[in-house]
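Side chains are part of it too, since the values below use all heavy atoms of this structure and drop only hydrogens, waters and symmetry mates.
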Amino acid sequence: MHKVIRQMSQLRLQAVPSSTLLKTTASSIPPATHHSLHTAAGAGGALCANWNKHNFGPRKWLVYNKTVHPPQQPEEEPRKAYVCHMRNNIKYSPDKMWYIAAFVRGMSVDEALKQLNFVLKKGATDVKETILEAQEMAVQRHNVEYKSNLWIAESFVGKGRVFKGMRRHARGRFGQVEYKHCHYFVRLEEGQPPQHYYQEPQTPEQQYEHWLEQMRSRKVINSL
């Protein structure tokens, strides 16, 4: 009985032309599946080009370059020039890029470019190129006289697009894979970098005095 059913199904397939069969299978697949699933990392670039073309990434960071400051008084300290720059949708994980962004934070531009040459990570290339672009913008558009007289005041990462794909496993199973992107933001400021970008280091005696002051300044709630 099974042999008869198999032969009848084969005859039906032979009777239907291959062109119509392809048309019916292509029309039966919903269009959303073409964009939501892909099984190779190389296919992500083609999908990125057709995925939500109206999403250009973050824009507010570059608006700070258009800020118009009021004129200063003669006795005021001159306002230091700065430039904000970014690179969006870098094909790199934001968790990995964070280490590179935090590494160059607080350095001078020349020192940061020198150190990034020895960082053996893929994201270091994008960070270096973004800093060079910001340095060129500072000289050409923001009236910075010496391009070496700049330091990295801000350097941080934001999460970008995440494309979900399918990875094939044995025994007909599959797993989900995520292709992550990130945005890198940098702000260069004119002048020399501070000696201590973060908190100034303290001796153990200074730390003890600070802790003792905090303990003595405590207040018990709802007390006299």
- Query: For D126, which of K91, R87, K121 qualifies under salt bridge (charged side-chain N to carboxylate O under 4.0 Å, His left out)?
  - Reply: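 Single salt bridge (charged side-chain N to carboxylate O under 4.0 Å, His left out) partner of D126 among K91, R87, K121: R87.
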4.5 Å side-chain heavy-atom contact, [X] and [Y]:
X	Y	answer
Q192	S108	no
Y92	H181	no
W211	M215	yes
Q176	R167	no

Please list every donor-acceptor pair under 3.5 Å in which a side-chain atom of residues 136-146 meets a protein atom from a residue at least two apart or in another chain.
from, atom 1, to, atom 2, distance (Å)
E136, OE2, Q140, NE2, 2.9

[atom1]-[atom2] distance between [X] and [Y], expressed to the nearest 0.5 angstrom:
X	Y	atom1	atom2	value
K180	N89	NZ	CG	15.0 Å
M86	R59	CE	CZ	10.0 Å
R187	L150	CZ	CG	11.5 Å
R79	H69	CZ	NE2	5.5 Å
L188	I131	CG	CD1	7.0 Å
Q202	E209	CD	CD	10.5 Å

Search all heavy atoms of [X] against all heavy atoms of [Y] and return the closest pair with its distance.
X	Y	result
K114	F118	O-CD1, 3.3 Å
A112	M107	CA-SD, 3.9 Å
K147	Q135	O-NE2, 2.9 Å
C182	V157	CB-CG1, 3.9 Å
S155	V104	OG-CG2, 3.7 Å
H85	L62	CA-CD2, 4.0 Å

Where the side chain of [X] meets the backbone of [Y], is there a donor-acceptor pair that is under 3.5 Å apart?
X	Y	value
Y82	Y64	yes
N65	C84	yes
H183	N88	no

- Item | Side-chain donor-acceptor pair present, H210, Q206, cut-off under 3.5 Å |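 Per modelled atom types, H210 and Q206 side chains form no pair under 3.5 Å.
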State whether the number of non-hydrogen atoms from other residues, nucleotides or ligands found under 6.0 Å of [X] atom [atom1] is greater than 12.
X	atom1	answer
Q199	CD	no
Q195	CD	no
E77	CD	no
E213	CD	no

- Task: List the steps and the verdict of side-chain contact (heavy atoms from CB on, under 4.5 Å) for F103 and V119.
- Result: CA-CA 10 Å; F103 173 67; V119 178; 4.0 Å; yes
- Message: Please determine whether residues F163 and I90 belong to a single hydrophobic cluster, defined as Ile, Leu, Val, Met, Phe, Trp and Tyr linked transitively by side-chain heavy-atom distances below 4.5 Å.
- Response: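 Shared cluster, no.
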- Message: According to a hydrophobic-cluster definition based on side-chain heavy atoms being under 4.5 Å apart (Ile, Leu, Val, Met, Phe, Trp, Tyr only), do V186 and Y99 belong together?
- Response: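 Looking at the clustering, Y99 is in a separate group from V186.
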- Query: Linking Ile, Leu, Val, Met, Phe, Trp and Tyr by side-chain heavy atoms under 4.5 Å, what else ends up with Y197?
  - Reply: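 Besides Y197, the cluster holds W151, Y198.
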- Taking NZ, NE, NH1 and NH2 as the nitrogens, is one of them in R105 or E154 under 4.0 Å from a carboxylate oxygen of the other?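 Salt bridge absent between R105 and E154.
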- Task: Under the side-chain contact (heavy atoms from CB on, under 4.5 Å) rule, what do K128 and L113 come out as? Steps first, then yes or no, please.
- Result: CA-CA 6 Å; K128 181 180 177 181; L113 296 174; 3.7 Å; yes
- Item | Derivation of the side-chain contact (heavy atoms from CB on, under 4.5 Å) call for V177 and K164 | CA-CA 6 Å; V177 59; K164 296 181 180 179; over 6 Å; no
- Task: Please work out which of the three classes, parallel, tilted or perpendicular, describes the rings of F185 and W61, given edges at 30° and 60°.
- Result: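 Perpendicular: the ring planes of W61 and F185 meet at over 60°.
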- For L212, side-chain contact (heavy atoms from CB on, under 4.5 Å) partners two or more places apart: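 In terms of side-chain contact (heavy atoms from CB on, under 4.5 Å), with neighbours along the sequence ignored, L212 is linked to Y208, R216.
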